[in-house]
Amino acid sequence: DKGNHRHFMAKEIFEQPEVIGHTLSEYVNPLDDTIRNTDLPVDLASVPRITIVACGTAYYAGLVAKYWFERYARVSVEVDIASEFRYRDAALTEGGLAIFISQSGETADTLAALQYCRAQGQKILSVVNVTESSIARASDAILPTFAGPEIGVASTKAFTCQLTTLAVLAIRTGIARGAVDKTDEARLVRTLMEIPRHVAEALASDEHIQTLSADLAKARDVLYLGRGHNYPIALEGALKLKEISYIHAEGYAAGELKHGPIALIDEEVPVVVISPVDELFDKTISNMQEVIARGGRVVLISDKAGIARAGDGLWAEIEVPPVDPLIAPIVNAIPVQLLAYHTAVSKGTDVDQPRNLAKSVTVE
Ligand code: F6R
């Protein structure tokens with residue numbers, strides 16, 4: 001049932017405040033601002049290293065999680081694509097924690113990577129949306145995402161629920177390792193509790209994004225740029241656009257621009273820059289100015305202050321609420337989802353069933 005939406009994808013995008021709220025209520029206690037102690041297969045205080053493996057959008061959730069684990073828990077994290085990881089004889093530390101992220105829980109490469117990790121003495125924790133799945137069954141413990149069934153082939157609400165779950169796990173790891181004290185925990189939990197409200201605010205740009213997408217639909221190539229935790233959101237934005245609108249898109253770390261991709265920039269190439277005001281804002285904006293100077297048409301996703309500071313020459317802007325850096329990647333995922341959705345609708349492609357794609361990839 002699509003409710004009053006044209007596509008499952010739209011319904012699932014707009015469900016996000018609610019399902020993120022469900023996910024949060026499973027993992028945090030709002031009465032005393034603490035993180036709940038769900039069962040885990042490892043002692044987070046002593047885990048030497050974390051390996052995260054997934055495919056596609058779930059892999060991008062893992063990339064964001066790396067920033068969180070490093071920042072809040074000071075633990076070293078490696079993230080890899082399952083189809084690469086499973087064949088490359090990864091050297092793993094005995095007793096390490098391996099985390100698998102999968103909406104369906106049936107992705108063949110992710111499952112094979114899990115079996116490799118088990119054989120290498122890793123503890124297996126999976127973040128899955130389908131709790132009765134092959135990956136869930138093969139794990140020592142699971143952290144379910146409570147996104148509900150995701151029908152649209154392009155993952156949206158599963159992604160933000162994966163992020164929410166991983167943010168909680170990173171903070172919990174920080175607590176176990178003494179990097180997050182009681183005061184920090186309370187502050188971070190209160191910040192997490194604000195995600196649904198801020199996601200709802202980001203969704204309010206829907207009509208504006210729809211208008212802008214009519215132009216984006218004419219592009220042949222689109223670049224997405226971000227730094228830090230917004231770099232994986234740039235990758236996710238590009239994946240979402242290419243898979244449902246069939247427009248070629250690439251995500252880049254903004255600092256990599258001058259190492260090659262800037263050669264692509266001309267008046268024909270829209271560049272989506274994801275950069276709310278944070279400690280990397282000035283760096284990203286200076287990359288953005290280089291794009292504008294070469295005639296690139298910039299769509300800036302930022303908060304009010306960031307848009308005001310960005311200077312002249314923007315082609316379009318999309319406002320997101322100013323939020324704590326902890327939850328920024330979750331909030332910033334919303335405009336890139338809407339941009340892909342409306343661009344695809346504008347082109348008339350089959351949004352919920354894009355060509356050549358399957359919802360769960362059970363063959364390698
Ligand atoms: C993109 C998308 C895919 C999946 C990937 C992994 O929108 O949906 O990239 O994220 O196929 O699938 P799961 O999470 O089921 O393992």
Side-chain angles (χ1 to χ4, degrees), residues 7-13 15-16 19 23 52-65 79-86 98-115 117 124-139 142-166 224 232-247 249-251 329 333-334 336-341 343-344 349-364:
H7 300 98
F8 282 108
M9 184 178 178
K11 169 177 174 271
E12 290 163 2
I13 289 174
E15 257 169 24
Q16 288 175 108
V19 293
T23 304
I52 302 178
V53 185
C55 298
T57 289
Y59 165 68
Y60 298 145
L63 287 183
V64 175
V79 192
D80 210 343
I81 297 164
S83 58
E84 283 299 311
F85 178 87
R86 65 178 290 197
I99 301 175
F100 299 87
I101 309 168
S102 178
Q103 188 285 125
S104 64
E106 299 297 344
T107 302
D109 282 322
T110 308
L111 182 59
L114 183 158
Q115 277 143 2
C117 285
I124 312 292
L125 175 63
S126 294
V127 174
V128 289
N129 198 40
V130 181
T131 52
E132 301 299 315
S133 57
S134 308
I135 289 173
R137 279 193 297 273
S139 302
I142 61 170
L143 290 177
T145 47
F146 294 85
E150 192 179 61
I151 310 293
V153 163
S155 184
T156 53
K157 62 176 182 169
F159 177 61
T160 50
C161 287
Q162 286 161 352
L163 289 175
T164 302
T165 305
L166 290 161
Y224 287 73
I233 302 304
L235 295 170
E236 169 64 1
L239 175 61
K240 222 81 307 175
L241 188 72
K242 67 186 125 185
E243 72 178 322
I244 61 170
S245 77
Y246 317 145
I247 295 172
E250 297 293 333
I334 305 303
V336 301
Q337 293 171 350
L338 288 172
L339 212 48
Y341 173 72
T343 304
T349 54
D350 188 346
V351 172
D352 283 333
Q353 289 286 332
R355 66 188 183 200
N356 310 338
L357 288 172
K359 182 67 184 159
S360 76
V361 184
T362 53
V363 290
E364 66 168 288

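Nothing fancy with the numbering, it's 1 onward along the sequence. First listed ligand is number 1; within each ligand, the first listed atom is number 1.
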Rounded to the nearest 0.5 Å, how far does OG1 of T23 lie from NZ of K157? 10.0 Å
Any N or O of Q162 closer than 3.5 Å to N or O of ligand 1: no
Of the backbone atoms (N, CA, C, O) and the side-chain heavy atoms from C-beta on, which set of V153 has a member under 4.0 Å from an atom of ligand 1: side chain, backbone, both, or neither? backbone
Do any nitrogen or oxygen atoms of S104 come within less than 3.5 Å of a nitrogen or oxygen of ligand 1? yes
Give the residue, atom name and distance (to 0.1 Å) of the protein heavy atom nearest atom 14 (O) of ligand 1. Q103 N, 2.6 Å
Which one holds for E243 and ligand 1: side chain close, backbone close, both close, or neither close, with close meaning a heavy atom under 4.0 Å? side chain
Drop me the distance from S155's OG to E236's CD, to the nearest 0.5 angstrom. 7.0 Å
Taking the side chain from K240 and the backbone from Q337, do they hold a donor-acceptor pair closer than 3.5 Å? no
Contact atoms of ligand 1, heavy-atom distance to T107 under 4.0 Å: 12 (O), 13 (P), 15 (O), 16 (O)
Under 3.5 Å between some N or O of ligand 1 and some N or O of S102? yes
Going by the order shown, which atoms of ligand 1 are within less than 4.0 Å of some heavy atom of A154? 7 (O)
Among D109, T110, D80, find the residue that satisfies the side chain to side chain donor-acceptor pair (under 3.5 Å) test when tested with R86. D109
Nearest-contact summary for atom 6 (C) of ligand 1 - protein heavy atom, Å: C55 O, 3.3 Å
So, D352 side chain and V153 main chain: donor-acceptor pair closer than 3.5 Å or not? no
Rounding to 0.5 Å, atoms CD1 (I13) and CZ (F8) come to a distance of 14.0 Å
So for T57 against ligand 1, with non-hydrogen atoms under 4.0 Å, the contacting part is both
Logged contact type for E106 with ligand 1, heavy-atom cut-off 4.0 Å, is neither
Which of the atoms of ligand 1 are close to K240, meaning less than 4.0 Å from one of its heavy atoms? 1 (C), 7 (O)
Around atom 11 (O) of ligand 1, find the nearest protein heavy atom and jot down its residue, atom name and distance. V361 CG2, 4.2 Å
Determine whether a donor-acceptor pair (N or O, by modelled atom type, separation under 3.5 Å) exists between the side chain of E250 and the backbone of A238. no
Do the non-hydrogen side-chain atoms of Y224 and L339 ever get within less than 4.5 Å of each other? yes
Check ligand 1 against A58 and write out every atom of the ligand that is under 4.0 Å from a heavy-atom position of the residue. 10 (O), 14 (O)
Is the closest side-chain heavy-atom distance between P354 and Y246 below 4.5 Å? yes
